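Below: the structure, in structure tokens.
Since we're looking at a predicted model, the values are computed, not measured. All ligand and atom numbering here is 1-based and tracks the order in the structure.
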Amino acid sequence: AKSMQRAGHFYYSRSMGVEIRERVRMMHALRTAFGQNQLFVVYQPQIDLVTRRPVGAEALLRWQTADGKFVSPDKFIPIAEYSGLIIDMGEWVMRTACRELVGLRAAGHDNFTMSINVSQVQFRHPYFLEMLRRALADTGAPPEFVELEITESMAMEEPDLLIKMLAQIKQTGVSIAIDDFGTGFSSLSYLQRLQIDRLKIDRAFVTEITGSARGSSIAEMVIQLGRNLGLAVIAEGVEDERQAQILQSLGCPLAQGFLFARPMTADALNGWLSNDALA
Ligand code: C2E
Ligand code: CA
Ligand code: CA
Ligand code: CA
């Protein structure tokens, strides 16, 4: 009753109305923030589990509002997708990350890869391939060091479209990773038909590794699957040394997580890599 008094005309005040209002409010705020350059990209290093050296980074989008608070991408990416804003935002992330890759190479980190998340809304957009080609051409980013991450859930919808799209994307020279792998139910025969390069073990399965005796079975299965299909495998969300050691003993070549480094700004990444003499 209180909220009805405050809201005045808001008589139909049901959770649904509130949710839609909140979403619309956030959509406007996000559009404004994007227009005013309040979004930025951070980079989380990816590590070779044997040498413990950085081999690449994943670009992650950040939104810090005027009052200093961070809105989680898990919250604002769906809104960007729903409103279509993800098309421009995703292009901007792509170009920003490609420029950062070129900058890192100029600083001598020339064997370093850049992974970029791609939303299914972007991926389905007719302009996607041209956007990708242009981003590569305009920034001078070498395609063989650029990787696109698409989620497994996305890989399961419209298989024929996906197979065709992946073949075209591969022609640009970039690699493809399946993100959050293990959360969906892609069959082996389907995976074989996809031109992918890497599987990314979802954090949930990395967390399970140190739990029960059977906790590592999914991670183990993905690592084995990668080996059988000739795909690279990377574990995400590695938070402690025990997880890293188990993954390594299971033959997982790559990892990413707070144990090694948190996502950081471009400047911080440059410094972090330079301190790491051989990177
Ligand atoms: P994701 O692609 O699965 O990204 C990994 C998330 O795990 C990131 O969250 C990262 O900060 C977090 N993370 C990394 N290491 C650890 C760890 O050791 N422990 C824990 N607890 N978390 C860890 P973030 O940055 O909040 O991003 C969340 C999701 O938002 C991403 O999940 C991705 O789906 C989406 N996202 C972020 N940036 C972009 C973007 O530029 N485009 C698109 N389409 N989606 C994005
Ligand atoms: Ca990702
Ligand atoms: Ca992921
Ligand atoms: Ca995730």
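Between E91 and Q122, the closest heavy-atom pair is N-NE2, 4.0 Å. In terms of heavy atoms, A59 sits closest to A97 at CB-CB, 3.9 Å. Residues G237 and R203 come closest through the heavy atom pair CA-CD, 3.6 Å. The shortest heavy-atom contact between A80 and L30 is CB-CD2, 3.9 Å. When all heavy atoms of F205 and T183 are compared, the pair lying nearest together is CE1-N, 3.8 Å. The shortest non-hydrogen separation linking F76 to R62 is CZ-C, 4.3 Å.
For the Ca ion (ligand 2), protein N, O or S atoms closer than 3.0 Å were enumerated as E58 OE2, N117 OD1, E149 OE1, D179 OD2, with waters left out.
Atoms of ligand 1 found under 4.0 Å from any heavy atom of D74 (numbered from 1 in listed order, with element): 28 (C), 29 (C), 30 (O). Shown in contact with E58 at under 4.0 Å from a heavy atom are these atoms of ligand 1, numbered in order with element: 2 (O), 4 (O). Residue contact check: Q44 has heavy atoms under 4.0 Å from atoms 14 (C), 15 (N) of ligand 1. Close approach of ligand 1 to V238 (heavy-atom distance below 4.0 Å) involves ligand atoms 18 (O). Short contacts between ligand 1 and V93, defined as distances under 4.0 Å to a heavy atom of the residue, involve ligand atoms 41 (O). Heavy-atom proximity to D180, at under 4.0 Å, picks out these atoms of ligand 1: 3 (O). Within ligand 1, the atoms closer than 4.0 Å to a non-hydrogen atom of P263 are 11 (O), numbered from 1 in the order shown. Which parts of ligand 1 touch S119 is read off a 4.0 Å heavy-atom cut-off, strictly below it: atoms 44 (N).
Residue contacts with ligand 1, taken as heavy atom pairs separated by less than 4.0 Å, do not involve V42 at all. Residue-level proximity to ligand 1 for R203 is carried by the side chain, the only part with a heavy atom below 4.0 angstrom.
For ligand 1, one of its N or O atoms has an N or O atom of N117 under 3.5 Å away. At least one N or O atom of D179, backbone or side chain, sits closer than 3.5 Å to an N or O atom of ligand 1. Taking distance alone, with nitrogen or oxygen atoms compared against 3.5 Å, P73 stays at or beyond that limit from ligand 1. Note: an N/O pair closer than 3.5 Å links L61 and ligand 1 by distance alone. Residue R62 has at least one N or O atom closer than 3.5 Å to an N or O atom of ligand 1.
Across L259, V121, I86, I77, heavy-atom proximity to atom 35 (C) of ligand 1 is greatest for I77.
With I176 as the fixed residue, the side-chain contact (heavy atoms from CB on, under 4.5 Å) test singles out one of E147, K170, M165: K170. When each of I150, L148, L191 is paired with I196, the side-chain contact (heavy atoms from CB on, under 4.5 Å) condition holds for L191 and for no other. Put simply, the residue from E239, Q243, E241 that forms a side-chain contact (heavy atoms from CB on, under 4.5 Å) with L259 is E241.
With respect to E58 and K200, a salt bridge is recorded, a charged nitrogen being found less than 4.0 Å from a carboxylate O.
Residue R242 places its CZ atom among 12 or fewer non-hydrogen atoms of other residues, nucleotides or ligands, all under 6.0 Å distant.
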- Under the salt bridge (Lys or Arg N to Asp or Glu O under 4.0 Å) criterion, do E130 and R133 qualify, and how do the steps go? CA-CA 5 Å; E130 195 189 333; R133 285 200 200 100; over 6 Å; no
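Remark: R193 fails to qualify as a cation-pi partner of Y190 under the 6.0 Å distance and 45° angle criteria applied to the six-membered ring.
Every heavy atom of G90 sits 4.0 Å or more from the atoms of ligand 1.
Within the model, atoms CZ of R124 and CD1 of I87 stand 11.0 Å from one another, a figure rounded to the nearest 0.5 Å.
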